[in-house]
Amino acid sequence: MVKQKIADCLQQAVAKTQQEGTLAPGALPEIIIEHPQNPSHGDFASSLPLKLARTTRMPPLAVAEKIVEKISLPPEIDHTTIAPPGFINFTLRNEWLTEQVETILAAGDLYGNLVLGKGKNIQVEFVSVNPTGPLHVGHGRGAVLGSTLADVLSSTGYRVEREYYLNDTGNQIELFGHSLYVRYLQNFGKEADMPPDGYHGNYVIDLAKEIAEEHGDKFLNVPQKEALEAITELGFNKIINSVKEDLLLLNVKFDKWFSEKSLYKGEQYNKVMALLESGNYVTKKENAVWFASSLLGEDKDNVLVRSDGSPTYFASDIAYHYNKFIERKFDTVIDIWGADHQGHVPRMKAVMKALGQDPEQLKVIICQLVTLHRGKETLKISKRSGDIITLREVIDEVGADACRFSFLSYSAESQMDFDLELAKKQSADNPVYYVQYAHARIASILRLAQQRQIDYSQGDVSLLSTEPELTLIRHLIMLPEVIERVAANLEPHHLPYYAQALATVFHSFYKQCRVVSQDETLTKARLKLVRATQITLAKTLHLMGMTAPETM
RNA sequence: GCCCCUGUAGCUCAGAGGAUAGAGCGCUGGCCUCCGGAGCCAGGUGCAAGGGUUCAAAUCCCUUCAGGGGUACCA
């Protein structure tokens, strides 16, 4: 990328000045190339002279002059300027810019793809909600974040596996099964009490009714243990299916649904416990088995096996990560968890050390909670309490594309206020439609060109020279940078902002530059530009898991 | 108490130690003889408070205040 070339040429120029003695020798700081806020400062800027002022004992502007004297610019750059207090600004050559239109056309759908991953295996595990109830907006946020991240990473050369961890064993699923069984009994007028921490949501009653309709009263006549097991499984499958449906509505797909139970059926659990024991990380006290996290710098130890002999969620998760790293050999694992799991992060990092892995290989994104409002009213989304607004209801009200765009617009660490009233009210003026409208508008222009049988394959992009045209190209070529940033920092929220900026410059270009006009050669050149814009916009929308509509 | 996240425009949010801190919504004005007006152009207010580091701080450090989450033999 151009940024790197600029950094390289700066570095060489400094080396030259130091050799020749015009600048005092010294360690070179990291060369950071940025985009100036003010376009009149050029396309790229470096504050290297400011950073070198101290070691060279010269005023920054003088340092800048010495560097620029020795610089040999890459062909992409037209010229440099020096600006106070000590910047070197770089401006791209117009010829190079217009050539990028051809580059984008040639790349097509692959435009923006990078080779960062070099085939490394990376797993993104997300959602992984207990299958004990419907998904809510918070889960939707994690789903959108995870799926977008996975898509971006796979477009940058990683081999990505998208995984959902199914908690199909343990306390919560038993509690859910018990609650469902009670509702089933009640459905037939039998007296039964909900378990103390049971699931009181109305959906459990509905599920019980469904099961009663499908299977009749046959579970009344079998031993309770058997009935409980059967009903738990029926309920579990129903919930999983509806989870899958909800996720599909949001265009979220998984490569693998990983069963927690399988950790115990296979030998992962026993193997990893033996491994921890051999490393002396396991202690026994108060009739329970503990992981000695404190040996690894943690505040306190954590229970692995309860005094009743059942393993904790933490123990499962250790076996699960053993499976991820050691059995399946992922180079990197990204776990996306809700803020309520934040305390779990240091524990798992400690586990990584105990397993002999680099904790850096495990990247945990903590997604802050979502609060749902309808105007001033705060809506409940917790499964355990009564009435809730589900993710599906939100998708129905707001639409999948708009949901994705909204969820993506927030950085993971910021809490999200989702106002249903606002989301709906704004829907016509929502940025999401603004972006999609730009795409539909382009499609419409290209349809017109086709109707008039304009073959623009030989269009001469060097005719693109006005300010709106060049500004548009400048934005088109930012896509790879945006993708790189998203992949490097695991921050998908840059995508919607980029999409919006790109749509804005396109709409502005459209207003100022008539595309299909009497001027045949200019028409063909602009059609190329418009098509390149469509490619870029569509790529951005698809990375966000959204549709790129031809008409609206 | 201790730990994590957050505090930026009336509202919802971006902001990669750098130059005049940006979007959307809302509000007020303009703009269609011509490719889609779900559009374009213009208009204004702001970094929670106080210290520090730095040539340069919304960004890094410390303190205070405020909101959210965690601190279970729940997950």
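Convention: sequence-line order gives letters A, B, ...; per-chain numbering from 1. What's counted below: heavy atoms across the whole structure, side chains too, no hydrogens, waters or symmetry copies. Model, not experiment: these values are computed from the prediction.
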Does [N] have a Watson-Crick or wobble partner in any strand here, with both distances under 3.5 angstrom, and which is it?
{"N": "B:U54", "result": "none"}
{"N": "B:G29", "result": "B:C41"}
{"N": "B:C73", "result": "none"}
{"N": "B:U20", "result": "none"}
{"N": "B:A48", "result": "B:U64"}

Would the base of [N] count as contacting [X] through its side chain, where contact means a donor and an acceptor less than 3.5 Å apart?
{"X": "A:Ser307", "N": "B:C73", "result": "yes"}
{"X": "A:Asn302", "N": "B:A72", "result": "no"}
{"X": "A:His494", "N": "B:A14", "result": "no"}
{"X": "A:Lys51", "N": "B:G18", "result": "yes"}

Checking contacts here: which listed nucleotide ([options]) is nearest the side-chain heavy atoms of [X]?
{"X": "A:Tyr437", "options": "B:G37, B:C35, B:U6", "answer": "B:G37"}
{"X": "A:Tyr497", "options": "B:A23, B:A14, B:G18", "answer": "B:A14"}
{"X": "A:His493", "options": "B:G36, B:G18, B:A14", "answer": "B:A14"}
{"X": "A:Gln342", "options": "B:G37, B:C4, B:C73", "answer": "B:C4"}
{"X": "A:His507", "options": "B:C40, B:G24, B:C35", "answer": "B:C40"}
{"X": "A:Ser414", "options": "B:G36, B:A14, B:U6", "answer": "B:A14"}
{"X": "A:Pro36", "options": "B:A19, B:A14, B:A75", "answer": "B:A19"}
{"X": "A:Ala45", "options": "B:C31, B:A19, B:G15", "answer": "B:A19"}
{"X": "A:Lys300", "options": "B:U71, B:G69, B:C40", "answer": "B:U71"}
{"X": "A:Ala440", "options": "B:G36, B:A16, B:A14", "answer": "B:G36"}

Any side-chain donor near an acceptor of the partner, [X] and [Y], under 3.5 Å:
{"X": "A:Thr466", "Y": "A:Glu469", "result": "yes"}
{"X": "A:Thr132", "Y": "A:Gln172", "result": "no"}
{"X": "A:Asp417", "Y": "A:His373", "result": "yes"}
{"X": "A:Asp301", "Y": "A:Ser293", "result": "no"}
{"X": "A:His341", "Y": "A:Asp335", "result": "no"}
{"X": "A:Gln500", "Y": "A:Thr504", "result": "no"}

Side chain [X], main chain [Y], donor-acceptor under 3.5 Å:
{"X": "A:Asn430", "Y": "A:Tyr433", "answer": "no"}
{"X": "A:Arg347", "Y": "A:Phe314", "answer": "no"}
{"X": "A:Ser517", "Y": "A:Asp519", "answer": "yes"}

Using a 4.0 Å heavy-atom cut-off across all strands, classify [X] as base, sugar-phosphate, or nothing.
{"X": "A:Ala449", "result": "nothing"}
{"X": "A:Leu369", "result": "sugar-phosphate"}
{"X": "A:Gln518", "result": "nothing"}
{"X": "A:His41", "result": "base"}
{"X": "A:Asp301", "result": "nothing"}
{"X": "A:Phe418", "result": "nothing"}
{"X": "A:Arg347", "result": "base"}
{"X": "A:Ala288", "result": "base"}
{"X": "A:Cys513", "result": "base"}
{"X": "A:Ser310", "result": "nothing"}

**Ring-face cation of A:Lys284 near A:Trp290 (centre distance under 6.0 Å, axis angle within 45°)** =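 Not flagged: A:Lys284 not positioned over aromatic ring of A:Trp290.
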Can a side chain N or O of [X] be found less than 4.0 Å away from OP1 or OP2 on [N]?
{"X": "A:Ser444", "N": "B:G36", "value": "yes"}
{"X": "A:Ser409", "N": "B:G24", "value": "no"}
{"X": "A:Asn38", "N": "B:A19", "value": "no"}
{"X": "A:Tyr434", "N": "B:C40", "value": "yes"}
{"X": "A:His344", "N": "B:U71", "value": "no"}

**Request:** May I have the step-by-step check of side-chain hydrogen bond (donor to acceptor under 3.5 Å, both in side chains) for A:Asp455 and A:Ser457, ending in yes or no?
**Result:** CA-CA 6 Å; A:Asp455 173 12; A:Ser457 60; 2.8 Å; yes
**Prompt:** Considering heavy-atom distances to RNA chain B, does A:Lys511 or A:His35 have its closest nucleotide positioned more toward the 5' end?
**Reply:**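 Its nearest nucleotide lies further toward 5', so the answer is A:His35.
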**Item:** Whichever of A:Arg306 and A:Phe87 has its nearest RNA chain B nucleotide further upstream toward 5'
**Value:**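 Nearest-nucleotide comparison on RNA chain B picks A:Phe87.
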**Request:** Measure up the A:Tyr281 and A:Phe291 rings against each other and bin them: parallel (under 30°), tilted (30 to 60°), perpendicular (over 60°).
**Result:**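 The rings of A:Tyr281 and A:Phe291 sit tilted, inter-plane angle from 30° to 60°.
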Distance, rounded to the nearest Å, where [X] contributes [atom1] and [N] contributes [atom2]:
{"X": "A:Leu48", "N": "B:A19", "atom1": "CG", "atom2": "P", "answer": "17 Å"}
{"X": "A:Phe314", "N": "B:C73", "atom1": "CZ", "atom2": "P", "answer": "12 Å"}
{"X": "A:Leu448", "N": "B:C35", "atom1": "CG", "atom2": "C1'", "answer": "5 Å"}
{"X": "A:Asp429", "N": "B:G24", "atom1": "CG", "atom2": "P", "answer": "11 Å"}
{"X": "A:Lys524", "N": "B:C35", "atom1": "NZ", "atom2": "C1'", "answer": "17 Å"}
{"X": "A:Ile32", "N": "B:A16", "atom1": "CD1", "atom2": "P", "answer": "12 Å"}
{"X": "A:Leu408", "N": "B:A23", "atom1": "CG", "atom2": "P", "answer": "21 Å"}

**Prompt:** Do you know which of A:Tyr164, A:Phe236, A:Phe176 makes side chain to side chain contact (heavy atoms under 4.5 Å, CB included) with A:Pro131?
**Reply:**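 Going through the options one by one, the only one that passes is A:Phe236.
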**side chain to side chain contact (heavy atoms under 4.5 Å, CB included) partner of A:Arg141, chosen from A:Ser406, A:Cys367, A:Cys403** =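 Single pass found, and it is A:Cys367.
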**Request:** Specify the glycosidic conformation (syn or anti) of B:C47, with syn defined as within 90° of 0.
**Result:**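 Nucleotide B:C47 adopts anti.
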Give me, pair by pair, the N or O atoms of the protein and of nucleotides 41-44 of chain B that are less than 3.5 Å apart, along with how far apart they are.
{"residue": "B:C41", "atom": "OP1", "partner": "A:Ser508", "partner atom": "OG", "Å": "3.3"}

Distances under 3.5 Å only, N/O to N/O: pair up the protein atoms with those of nucleotides 7-12 of chain B.
{"residue": "B:U12", "atom": "O2'", "partner": "A:Tyr410", "partner atom": "OH", "Å": "2.7"}

